[in-house]
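Worksheet: the structure to be examined is printed underneath.
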Amino acid sequence: MPRSWKNISAVLATSAALTFGSPLVFAQDADAPSQTAQESQDAAPNDDATTLDEENDGEKTQNDENAESNDETLDQALEAQLDADPKEMSADDLLNLATELKLSAANLLDLSKVIRLCEEAQKKGLDEVNAEFAKQLLLSSRLDRGLGVAQLFLNPELPTDQLPRGWEELRNNAIGDLQAALAETPDIPLAQLALGRLLMLAEKNDEAKKAFDAAIASPDLEAEGQTLALLFRSELETSTREALAFLEKGIELAPEAAEIRSRLAAHYLAANRPDAALEQIDKALALDPENVDFKKLKANVLAEAGKVDEARALFDEATKDAGDNILVQIEKGQFLAALGEHDEAIENFTKLIEKFDAPGLYYFRAVLYLQAQDYDKALADVNKALRLGMDVAPATRLKGVIYLQMEKYDDAIRIFKQLRRHVDHKDVAVAQIAYATAKKGLYKSALKMLNDELEKNPESIDFLRTLADMELMFGHWEKAAEVYERILKLNPADSGVLNNYAWLLATCPDEKLRDGKRALEMAVSACEITFYAEAHILSTLASAHAELGDFAKAREWARKAVERGEKEKHESLDNLKSELASYEENKPWRETSEIVEEVDEDAASQTDEKTEEDAASQTDEKTEEDAASQTDEKTDEDAASQEGEKTDEDAASQEGE
């Protein structure tokens, strides 16, 4: 762990005035064998029948049982220490004991005893002075306990899949402690930092942002704390530009923080700024020359800069001692894929599967097969991953995407309906179901799905974006434009919406809707937000210039879009080349995507019913034919049998005579 993280951990420990004797006292019995979350998952049976709801219900039940067990353990510890039942003691005696124990508290269990004694004293009733003292003692103990727990989770590289079972309950208890303390005294920047980190781990990102922002804004937070808050805050940003702003501020405060420099390099790489990325990763390696992760990141930067041989040599050097380490070999496969060497990447994962046969390996290879448009193999791999116990949600989502790419929309709808059961994936699933329904031509049904969701959440950008894309799919240009306007009012910096709307305004077949000037403004904004790194957005910029008649600029940006597309093996590379050819002839581009024909859903429903009736009728007729055939066969058999018997009788009779 780099210097900054050690320092901030020490600050928290000093603030809490604790030495941690048993930091996981709430998570599991002290004598129980440790089991990581990953081991628990690997040990648990899982098959295609496992539902996401069952997983959630099981986790909730386990947490409830843990909480009850912890309460019992705490009560027993108190009784043993006091040699009496706290419930039989007076309120004043309980408060005195709590005060003495707080002064000598040596671990989290001691703090929990103080908290329980204060709560019991409050229940029994105290005079005004003691009631206020008990309140403050309780809050300070909860603050110390919350800060103490948070110290365990402050490492930015914390592998949550390797934490002991029950860590989520420990985290949630600490969140409650810190929120209670901050509700009374908000201006505690260390507590805001700690709360932000715990909320981040709980995936409550909006709340985490507020806590980190409060910590960053405080003049009382030391440089190490500021740096850590800025680093965590950057991780919560989906915008590369915003993330870079936090990291650059962090480097100003802690120029020797190698980890922040490596994060900066990664974001510069994502922003298509390989020179800036190379500068930062070289500085990080100067601070920590043997860091394998830094070397692997530099290999990716070199690959992006087109120095493929140098990149592969450095990656091989960084991983030369890894042997059969599965994580490193997975990274190698991903690195090869990033280089565009999909066949070699697939071969790498195939060799790993032969050795380890792990579900995640099939998942990774399925993604590569999907990118190579080998859909049958992708589907086979994701099904195998599920059978081997792969986490249901991501595997199910990938399976649905494969069916979408195969244009098997009924199968895609079926799969996304399974995903919809999980609350964390419901919105994504509904949007995909609506999209697949629209691709079948069922505009009214898809529209109703999206409108139903937008009634519940009218500001959902995901549903609005899906709605706009669907209107484009059916050639409803004006309706699509109206939806894009709604989205931009909610989020003017959405690069995806800016790009799509600019494309519509620049290339729409309906002349009344085209607006080259506004298209150019939006396209430039989208390019700036994505650092001119996305081929399809560069293509939109070219189309806007062409609509305004500036074909020289259009050709310039279209060539860059093609170059980027060739480098990335972009799925729309042929279209990018066609656009460039149009501009070379001084012709603006017009949207040529095939319009989905809307199906008459009433007629389709009647047709389905008729088809079912015909099928049923044919089944009945077939049944009657089979029955008649069986009757005829039986009759023939009986006749033959009778004839055979008669012949035998006649023969016997003649013989007797």
Side-chain angles (χ1 to χ4, degrees), residues 12-30 63-64 66-153 166 169-195 198-199 211:
L12 278 176
T14 302
S15 173
L18 299 173
T19 54
F20 298 99
S22 178
L24 295 177
V25 66
F26 304 120
Q28 61 186 50
D29 188 279
N63 287 340
D64 291 343
N66 287 343
E68 292 176 6
S69 174
N70 293 331
D71 286 344
E72 291 176 5
T73 301
L74 182 58
D75 288 339
Q76 292 169 0
L78 269 173
E79 287 189 32
Q81 181 169 348
L82 301 175
D83 197 24
D85 185 352
K87 295 179 181 178
E88 297 178 0
M89 300 174 66
S90 70
D92 288 342
D93 287 342
L94 289 170
L95 185 56
N96 288 333
L97 284 171
T99 304
E100 292 175 7
L101 187 53
K102 179 64 166 64
L103 293 173
S104 61
N107 51 46
L108 294 176
L109 180 58
D110 287 347
L111 287 173
S112 296
K113 293 175 183 177
V114 173
I115 291 167
R116 180 58 61 87
L117 289 170
C118 287
E119 290 172 343
E120 288 295 328
Q122 288 175 327
K123 287 179 185 177
K124 290 178 178 291
L126 296 161
D127 61 40
E128 184 176 350
V129 173
N130 282 335
E132 180 61 25
F133 180 79
K135 175 185 173 182
Q136 295 303 322
L137 181 60
L138 176 61
L139 288 174
S140 68
S141 299
R142 295 194 69 178
L143 173 64
D144 282 348
R145 186 172 70 172
L147 290 173
V149 171
Q151 183 190 3
L152 304 171
F153 300 104
E169 183 188 356
L170 185 69
R171 174 202 65 201
N172 293 341
N173 286 341
I175 288 174
D177 285 340
L178 292 171
Q179 286 176 331
L182 287 167
E184 184 70 17
T185 311
D187 191 19
I188 310 175
L190 276 176
Q192 295 285 8
L193 168 60
L195 177 61
L198 296 171
L199 289 168

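Scope of the values below: all heavy atoms of this structure, side chains included, with no hydrogens, waters or symmetry mates. The first residue in the sequence is number 1, and the count goes up from there. Note that the structure is predicted; figures quoted are calculated from it, not measured.
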Go through the steps to decide whether V149 and N173 satisfy the test side-chain contact (heavy atoms from CB on, under 4.5 Å), and finish with yes or no.
-> CA-CA 9 Å; V149 171; N173 286 341; over 6 Å; no
Steps toward side-chain contact (heavy atoms from CB on, under 4.5 Å) verdict (R171, L152) | CA-CA 10 Å; R171 174 202 65 201; L152 304 171; over 6 Å; no
Between the CG atom in L117 and the CD atom in E100, the distance rounded to the nearest 0.5 Å is 10.5 Å
Hey, what do you get for OG (S141) to CG (L108), rounding to the nearest 0.5 Å?
-> 11.5 Å
Exercise: identify the closest heavy-atom pair between [X] and [Y]:
X: A191; Y: L147; result: CA-CD2, 3.9 Å
X: A121; Y: L126; result: O-CG, 3.7 Å
X: S104; Y: D110; result: O-OD2, 4.1 Å
X: L137; Y: C118; result: CD2-SG, 3.6 Å
X: A180; Y: L139; result: O-CD2, 3.6 Å
X: R145; Y: D177; result: NE-OD2, 2.6 Å

Starting from the C-alpha separation in whole Å, work towards a yes-or-no answer on side-chain contact (heavy atoms from CB on, under 4.5 Å) for L138 and Q122.
-> CA-CA 10 Å; L138 176 61; Q122 288 175 327; 3.7 Å; yes
Evaluate the side-chain proximity of I188 to Q192: yes if any heavy-atom separation is below 4.5 Å, no if none is.
-> no
D127 vs F133 side-chain heavy atoms within contact, under 4.5 Å =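 No, their side chains stay 4.5 Å or more apart.
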Any donor-acceptor pair under 3.5 Å linking the side chain of R142 with the backbone of A174?
-> no
Backbone N/O of V114 and side chain of E119: donor-acceptor pair under 3.5 Å = no
Are side-chain N/O atoms of S90 and D93 paired as donor and acceptor at under 3.5 Å?
->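 Note: S90 and D93 side chains meet the donor-acceptor criterion.
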Could you go through the side-chain contact (heavy atoms from CB on, under 4.5 Å) check for L97 and M89 one step at a time?
-> CA-CA 10 Å; L97 284 171; M89 300 174 66; 2.9 Å; yes
Pair K124 + D92: basic N to acidic O under 4.0 Å | no
